[in-house]
Every structure is written in structure tokens, then in C-alpha cells.
Amino acid sequence: DTGVSQDPRHKITKRGQNVTFRCDPISEHNRLYWYRQTLGQGPEFLTYFQNEAQLEKSRLLSDRFSAERPKGSFSTLEIQRTEQGDSAMYLCASSADPGGNGNQPQHFGDGTRLSIL
Amino acid sequence: AQSVSQHNHHVILSEAASLELGCNYSYGGTVNLFWYVQYPGQHLQLLLKYFSGDPLVKGIKGFEAEFIKSKFSFNLRKPSVQWSDTAEYFCAVNAGNYGQNFVFGPGTRLSVLP
């Protein structure tokens, strides 16, 4: 168990640029989640995958955000035309949930900190 | 929409003091409940979870939590805190037909004075 790995650890970019983050979950974890966390707040759900299928996306999430998990293993989160308000820590988590009932704990990565200049 | 509230933003205790952190959620159906901890410079880790059975659950490092369905609460407790318990604590609720959506509370920062 090597844990959830996220890359890069820190991304600094200018407003209006596109950014892409990568998450490698724990091997054979079928669920993968993306969250956003700002200072003083808990993680905010963005989207989740069961294997390669994206099953839910937050209704609050802008269309500038897109996520993929093409082979059911690693996932990418892309933000297009970044804005100041996108500055946050982006967290990835995975869980083994063969029953699909959501009662399995999530294992979190260290996150990618996005700073928009 | 479901929501999770945590009563205290910042709690400061001396070592050996008892701890209780409040968590309330708003969802009328079946829920799975979790407490996560984030130590300084580390990622979120699971402390304990409840999804059925005995409403008093025990987790790692001497923590326990009690699910009170009538109060929509899942408070975290520890009889005697240590300096190493200094961290941020998050309550999380998972609900929905397929348990797909985790909602986290805003967190409580615990500072334990040596």
C-alpha cells in the first residue's frame, strides 16, 4: 500500500491559464474522489468515479472543471481559464467499495496546492 | 442538501484534559459517519467510522464517538488528550442511495498545551 499520490504538490499559474492535476489512487481501489479545500474549511466534494465511470459531479462545480479516469486507475482534474477563486488545495481520495454503499473510509493524498497569480 | 456542522472552531486544552468535539448533520435517512484527523503537515486520516450496530464506536489513539440518531449527532470524545493530539478534526457524513457523496464539516482545530 503506497498510498494515494498526487502530482504536482504545488502549482502556481497566472489567471486564465489551464492547469491539470494527476491523482494515482491506491491500487485496486475502485472509487476515486476529488475535493477542494480552502483555508479554514473542510474538504468540499467535487466529483467521484466508480472505476472509470464518473457517477456524480457537484452541482456547484463550474463547467471549467473536468475530470477523467480513463482506465479506472489514475485520474486527472483539469481547470480551464483559471480564476482567482480557484486558489485552493485540491485533494484526491480513494476507497475500496465493492458493495457500492459508501461505508468504506477514504484514503487521502497530500493534495495539490493551486495558487493563481 | 445535507450539511455538517461542528460546534467549535478552535479548542485549546491542557494535556490530560478530556475532549468532546461536537458534530451535527442534517439528513433524515441512513447515513455513514466518519471522523478524520489532519496532523500538521500530513494528509487526512481516518480516526473512526460508524455505519451500523453499536452506536458507540472506538477508533485509533483512544478516540471514541457516539451516534445519537434522535439528535443527528456524532460527537467525538477522548478521556485524556496528549500534546500529540494537536491537529484539525473533521466530521464527515456519507448519504445518498449509493453512498456517493461525502459532506465534511468545517473542522475543529485542537491545540493541546504541554
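Each chain gets a letter, A, B and so on, in the order its sequence line appears, and its residues count up from 1. Since the structure is predicted, the reported quantities are computational estimates derived from the model, not experimental observations. Note: hydrogens, waters and symmetry copies are ignored here, and every other heavy atom, side chains too, is used.
A:Leu91 and A:Ile79 are assigned to two separate hydrophobic clusters, defined by single-linkage of ILVMFWY side chains at heavy-atom distances under 4.5 Å.
Atom CD of A:Gln84 has more than 12 neighbouring heavy atoms from other residues, nucleotides or ligands inside a 6.0 Å radius. Taking a 6.0 Å sphere around CZ of A:Arg15, one finds it holds 12 or fewer heavy atoms contributed by other residues, nucleotides or ligands.
Considering only heavy atoms from C-beta on, A:Gln104 comes within 4.5 Å of B:Lys49 through its side chain. Residues A:Pro43 and B:Tyr36 fail the side-chain proximity criterion, which asks for heavy atoms closer than 4.5 Å. By the 4.5 Å heavy-atom criterion applied to side chains, A:Tyr35 and B:Phe102 are counted as neighbours. Between B:Gln38 and A:Gln37, some side-chain heavy-atom pair lies under the 4.5 Å cut-off.
Interface with chain B: from residues 108-117 of chain A, residues A:Phe108, A:Gly109, A:Asp110 qualify, criterion being any non-hydrogen pair under 4.5 Å.
For A:Gln106, the parts lying near chain B are the backbone and the side chain together; criterion is any non-hydrogen pair under 4.5 Å. Heavy atoms closer than 4.5 Å to chain A are found in the side chain of B:Phe51, but not in its backbone.
Separating the OG atom in A:Ser95 from the CG atom in B:Leu46 is a distance of 11.5 Å, to the nearest 0.5 Å.
Interface check for chain B: of the options A:Gly40, A:Gly42, A:Ser58, the most heavy-atom pairs under 4.5 Å are formed by A:Gly42.
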